[in-house]
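For reference, the structure is listed below as structure tokens.
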Amino acid sequence: MSDTQNRSAAWSDLPTPDQARAALAEATSAHVVSRRDITALTVFVGGVGVIVAAILYLSWATLSVGNVAGFAASMGGYAAALGLLLLVKARAASVPRGFRRIYNIGFATTMTLYVASIGWIFAHQSPWPTASLVLALCIVTALPCLVAAFVVQAKHRVARR
Amino acid sequence: MTDQQQHARFHLDELIHAPVRFSIVAALAKVEQAEFSVVRDAVQVSDSVLSKQVSLLEQAGYVDVKKGYVGKRPRTWLSLSAAGDAAFQRHLTALRLIAGD
């Protein structure tokens with residue numbers, strides 16, 4: 001007999017059906033995640049997408065005109081923005097179930113698109129891609145994280161119903 | 001499997017069934033992790049009561065406790081382990097059987 005069965009077999013006072021229903025209702029209605037937590041996590045996920053897209057655009061805008069100092073400055077800005085987003089995320093006192101999976105999928109897809117985009121941009125240097133084309137790539141790159149942020153919000157709304 | 005082994009009580013977990021611990025586990029079942037203070041407020045118990053009950057759950061391998069800092073502020077994070085989640089699901093199944101759902 002397993003440990004669980006040993007522990008359970010000792011029960012002499014089983015809960016009544018009403019007590020069982022009350023316990024099930026409590027389990028269903030238990031909510032720990034606040035709106036503030038969801039806001040912090042949403043800003044974090046969406047923000048990561050936006051800053052990755054921004055660094056993609058700034059890489060093109062600076063390096064296409066040979067502005068290495070500008071590129072270095074934008075990388076510094078990226079690191080600072082990422083630090084700020086991590087501080088925002090740390091404000092979340094609870095993290096809903098499923099958040100890590102949603103974030104990982106969004107982040108991995110955004111980074112894959114970033115690497116593909118930056119590779120394509122720097123493979124076409126004569127002439128360089130136009131600003132509107134790079135902007136379109138930036139939007140596509142940011143999209144997975146923005147969708148992930150939306151999913152985090154939507155899941156919370158459904159859970160609260 | 002005999003009829004006796006199929007009885008709902010074999011799936012009830014005495015450790016989880018205690019009211020405060022049930023509330024703690026029910027709250028943690030909805031999150032990947034939560035701060036100690038958030039769980040304390042949700043369950044409406046004192047720090048010492050929560051600490052004692054969490055220790056019991058931790059000893060049983062049902063709850064993971066992680067301590068850290070955010071800035072200079074110490075924080076304690078609680079999460080339900082895989083074993084704790086499985087035990088809680090078994091417990092809920094037994095409750096549903098008893099409730100007749």
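Letters A, B, ... are given to chains in the order of the sequence lines, protein chains preceding strands, and every chain is numbered from 1. The model shown is predicted, which means the values in this text are computed figures rather than measured ones.
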Assess whether side chain to side chain contact (heavy atoms under 4.5 Å, CB included) is satisfied between B:Val31 and A:Val32, documenting all intermediate values.
CA-CA 8 Å; B:Val31 294; A:Val32 181; 4.2 Å; yes
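If you take CZ on A:Arg21 and CG on B:Leu95, they are separated by 11.5 Å, rounding to the nearest 0.5 Å. To the nearest 0.5 angstrom, B:Asp41 atom CG is 11.0 Å from A:Ser34 atom OG. One finds the CG atom of A:Asp37 at 8.5 Å from the CD atom of B:Glu35 (value rounded to the nearest 0.5 Å).
Side-chain N/O atoms of A:Glu26 and B:Ser23 include a donor and acceptor closer than 3.5 Å.
Hydrophobic cluster membership differs between A:Ile38 and A:Leu87, with clusters built from Ile, Leu, Val, Met, Phe, Trp and Tyr side chains linked at under 4.5 angstrom. Residues A:Leu143 and A:Val52 share a single hydrophobic cluster, defined by chaining ILVMFWY side chains whose heavy atoms lie under 4.5 Å apart. Linking Ile, Leu, Val, Met, Phe, Trp and Tyr residues whenever their side-chain heavy atoms come within less than 4.5 Å leaves A:Leu85 and A:Ile105 in two separate clusters. Follow the hydrophobic side-chain contacts under 4.5 Å out from A:Phe44 and you never reach A:Leu84; the two are in separate clusters. Hydrophobic clustering places B:Ile16 together with B:Leu92 (ILVMFWY residues linked when any side-chain heavy atoms are closer than 4.5 Å, directly or through intermediates).
At most 12 heavy atoms of other shown residues, nucleotides or ligands fall within 6.0 angstrom of atom CD in B:Gln44. When the shell of 6.0 Å around OH of A:Tyr78 is examined, it contains more than 12 heavy atoms from other residues, nucleotides or ligands.
Remark: B:Glu32 does not engage A:Arg97 in a salt bridge, criterion side-chain N to carboxylate O under 4.0 Å.
Side-chain contact between A:Leu24 and B:Arg96 is present, with at least one heavy-atom pair separated by less than 4.5 Å. For the pair A:Pro15 and B:Leu12, the minimum side-chain heavy-atom distance is below 4.5 Å.
Of the two parts of A:Ala92, only the backbone, made up of N, CA, C and O, holds a non-hydrogen atom closer than 4.5 Å to a non-hydrogen atom of chain B. Looking at B:Phe36, there are no atoms closer than 4.5 Å to chain A (heavy atoms on both sides), in backbone or side chain.
Among A:Ala22, A:Ser29, A:Pro96, the residue making the largest number of heavy-atom pairs under 4.5 Å with chain B is A:Pro96. By number of non-hydrogen pairs under 4.5 angstrom with chain A, the leading residue of B:Ala27, B:Ser37, B:Ser79 is B:Ala27.
In terms of heavy atoms, B:Phe88 sits closest to A:Ala27 at CZ-CB, 4.0 Å.
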